[in-house]
2 protein chains.
Amino acid sequence: MKTSLVAVDLHGQGCADCAVRGFSVCASLDQFEMREFEQLSRRVNFASCETIFAQEDSSSFFYNLLDGVMRLYKLLPDGRRQIVGFVLPGDFVGMTTDERHGFSADAIGPVTVCQFAKLPFGRFAEHKPNLLRRMNELAVQELNHARDHMVLLGRRSAEEKVATFLVGWRDRLVELRGPSNVVPLPMSRQDIADYLGLTIETVSRTFTKLEREGIIAILPGGVSLRDSARAEALAAA
Amino acid sequence: MKTSLVAVDLHGQGCADCAVRGFSVCASLDQFEMREFEQLSRRVNFASCETIFAQEDSSSFFYNLLDGVMRLYKLLPDGRRQIVGFVLPGDFVGMTTDERHGFSADAIGPVTVCQFAKLPFGRFAEHKPNLLRRMNELAVQELNHARDHMVLLGRRSAEEKVATFLVGWRDRLVELRGPSNVVPLPMSRQDIADYLGLTIETVSRTFTKLEREGIIAILPGGVSLRDSARAEALAAA
DNA sequence: CCCCGTCTTTGACCCAGATCAATGCAAATT
DNA sequence: AATTTGCATTGATCTGGGTCAAAGACGGGG
């Protein structure tokens, strides 16, 4: 089993020493609530490419990603795929009011999640304004991200799309692991294409173009942002 | 002043007789909370094309649309525009954790909103799990819509985009005003284009095409879904 | 070390939708 | 009635990105 590109230490099993404790939903829980929450949740591992849940599955669990990377995507009946997001440790997945998830999630490389059943969690959260406010915050953050992504999908060129993706992905990794312009890309070119509303060929050509222009260097398993200012200019424009 | 295409009665001024009482955030408030809430909010009218708030404005208010239609959109520095949603009576607008809204909202035709300041509302909501849960529900609903729209923007053809928009818009109006296949379109072709990630010419041509195919009839100020089954098939595909 | 399968890159060509340019059309203005 | 104004439609042409096809490149298993 190859080591995860976005690794986080997972020493113990409890919430107290959870790697993700500080920046996930749980950040809003006090010591006692945390103890209670611990009872509701359990850690589950998935191998690379395993499906955590599918679009049409009844949504009976929430997930908190502890380690690894996931992709969230929707499929059209004819197989066209749109990736709606990549998930990093600390991200909360599965919020929904519907009976079905409405999108699928699978593992990009091995993944560890903190899984908890919707119903008991609902009861647990019901009278905890702190937790509810925290969940609101997360939902609104995702909504903001979703709207930004609509602009990208509807109104930006291939080059802008790729640059925006690379800068955004780097920024998320920086938040998680500290500053670096080396950007590991655990997802495939096809994943990137389906995230940006492009084909794999266009993504590949655009990477090459950005490299020719001296903006990035293509490395095995990722890229390096050589001229991060120009990349950011493309992303903003 | 021409009458709104999506009119709702606005007899009195209080919450008790608010046209939108039953299906907005306020649905989660009891009689007493409602009385308190009434103190925080006030009704404001906007003329056609007026801006309710802009992308870079500090987000000091929330809004509940009472009457009319609004468009929410983001602008790129060079003027490209992506409409991220149309707002109908009962919709809640302005949820954000950021200091700035991040998108603009303006009136399509005359509009009446129920406006309330963020800070006092925050204090009011802080310890009301019912209200917090309701807001969660709304945020998650919008998130689901946003994800559906990502699929549309990233992976669908012009014809599918237009059909999906028409069917979706009809369904929202049906919910509000009862079943009908006559679909008023208060927004301009340019608005539709900026919502679907197309140009105005392509929208126009696609309308004409759908009419030639007998799926819609183009009326002044809207369309009629002549063959709603075929429109829905295009929307689902 | 060498297949073999999978993923990525590159090239040649094509087309859906963009762009550019009139023209149509109806409400508002004189 | 004539004129302006602001869409919306239509036509002609162009092009960014898609499609199809063929090499690389790379890692895993024997």
Side-chain angles (χ1 to χ4, degrees), chain A residues 1-3 5 47-49 71 78-82 108-110 152-166 184-212 216-223 234 237, chain B residues 1-3 5 47-49 71 76 78-82 108-109 152-166 184-212 216-223 234 237:
Chain A
M1 194 218 262
K2 76 168 174 235
T3 73
L5 277 159
S48 192
C49 294
R71 61 176 162 252
D78 64 1
R80 281 175 288 177
R81 184 177 73 155
Q82 176 66 47
I108 297 176
L152 179 142
L153 290 169
R155 287 292 177 234
R156 307 184 81 119
S157 70
E159 195 177 18
E160 290 171 344
K161 283 176 174 183
V162 171
T164 306
F165 165 67
L166 291 175
L185 296 172
M187 70 290 287
S188 70
R189 293 288 190 268
Q190 185 64 63
D191 286 339
I192 298 174
D194 287 345
Y195 183 57
L196 300 177
L198 298 170
T199 60
I200 183 175
E201 293 95 331
T202 300
V203 170
S204 186
R205 278 187 252 271
T206 308
F207 269 70
T208 309
K209 187 178 173 206
L210 291 173
E211 185 167 53
R212 265 202 319 272
I216 66 170
I218 300 174
L219 312 172
V223 302
L234 277 172
Chain B
M1 192 219 264
K2 77 167 171 235
T3 73
L5 276 157
S48 191
C49 292
R71 59 175 163 254
L76 292 175
D78 64 2
R80 281 173 290 176
R81 183 177 74 154
Q82 177 66 45
I108 297 174
L152 178 143
L153 290 170
R155 287 292 178 234
R156 307 184 81 116
S157 70
E159 194 177 20
E160 290 170 345
K161 284 177 174 182
V162 171
T164 306
F165 164 67
L166 291 175
L185 296 173
M187 69 291 285
S188 69
R189 293 287 190 269
Q190 185 62 63
D191 287 339
I192 297 174
D194 287 346
Y195 183 59
L196 300 177
L198 298 170
T199 59
I200 183 175
E201 294 93 332
T202 300
V203 170
S204 186
R205 279 187 251 270
T206 308
F207 269 70
T208 308
K209 187 177 174 209
L210 291 173
E211 185 166 52
R212 265 201 320 270
I216 65 170
I218 301 174
L219 312 173
V223 302
L234 277 172

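Letters go in sequence order (proteins before strands), and every chain restarts at 1. None of these values were measured; they are calculated from a predicted model.
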Would you say a side-chain N or O of Thr202(B) is under 4.0 Å from OP1 or OP2 of dA18(C)?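 Checking Thr202(B) against dA18(C): at least one side-chain N or O falls below 4.0 Å of OP1 or OP2.
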
Residue-phosphate contact under 4.0 Å: Thr199(B) side-chain N/O, dA18(C) OP1/OP2: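 The answer is yes; a side-chain N or O of Thr199(B) sits under 4.0 Å from OP1 or OP2.
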
Quick one: on DNA chain C, does Arg155(A) or Ile200(A) contact a more 5' nucleotide (nearest heavy atom)?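 Upstream on the strand: Ile200(A).
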
If you apply the rule side-chain contact (heavy atoms from CB on, under 4.5 Å), what do you find for Leu152(A) with Tyr195(A), and how did you get there? CA-CA 10 Å; Leu152(A) 179 142; Tyr195(A) 183 57; over 6 Å; no

Calculate, to the nearest 0.5 Å, the distance between atoms [atom1] and [atom2] belonging to [X] and [Y] respectively.
| X | Y | atom1 | atom2 | answer |
| --- | --- | --- | --- | --- |
| Lys209(A) | Glu159(A) | NZ | CD | 3.5 Å |
| Glu201(A) | Arg205(A) | CD | CZ | 6.0 Å |
| Leu76(B) | Glu160(A) | CG | CD | 7.0 Å |

Separation of [N] [atom2] from [X] [atom1] (nearest whole Å):
| X | N | atom1 | atom2 | value |
| --- | --- | --- | --- | --- |
| Arg212(A) | dT10(C) | CZ | P | 8 Å |
| Asp191(B) | dG6(D) | CG | P | 16 Å |
| Ile108(A) | dT6(C) | CD1 | P | 19 Å |
| Ile218(A) | dT10(C) | CD1 | C1' | 12 Å |
| Glu160(A) | dG17(D) | CD | C1' | 14 Å |
| Leu198(B) | dA18(C) | CG | C1' | 10 Å |
| Met187(A) | dC7(C) | CE | C1' | 15 Å |
| Arg156(A) | dG17(C) | CZ | P | 21 Å |

Do the side chain of [X] and the base of [N] come within less than 3.5 angstrom through a donor-acceptor pair of N or O atoms?
| X | N | value |
| --- | --- | --- |
| Arg189(A) | dT6(C) | no |
| Arg205(A) | dG16(D) | no |
| Gln190(A) | dC7(C) | no |

Identified side-chain hydrogen bond (donor to acceptor under 3.5 Å, both in side chains) counterpart of Asp194(A) within the set Arg81(A), Gln82(A), Arg189(A):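 Exactly one candidate clears the test, Arg81(A).
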
Closest nucleotide among [options] to the [X] side chain:
| X | options | answer |
| --- | --- | --- |
| Thr208(A) | dT9(D), dG17(D), dT10(C) | dT10(C) |
| Ser157(B) | dA8(D), dG17(C), dG18(D) | dG17(C) |
| Glu201(A) | dA21(D), dG18(D), dT19(C) | dA21(D) |

With sugar-phosphate meaning primed atoms plus P, OP1 and OP2, does Ser204(B) contact a base, only sugar-phosphate, or nothing at under 4.0 Å between heavy atoms?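 Counting heavy atoms under 4.0 Å across all strands, the contact made by Ser204(B) includes a base.
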
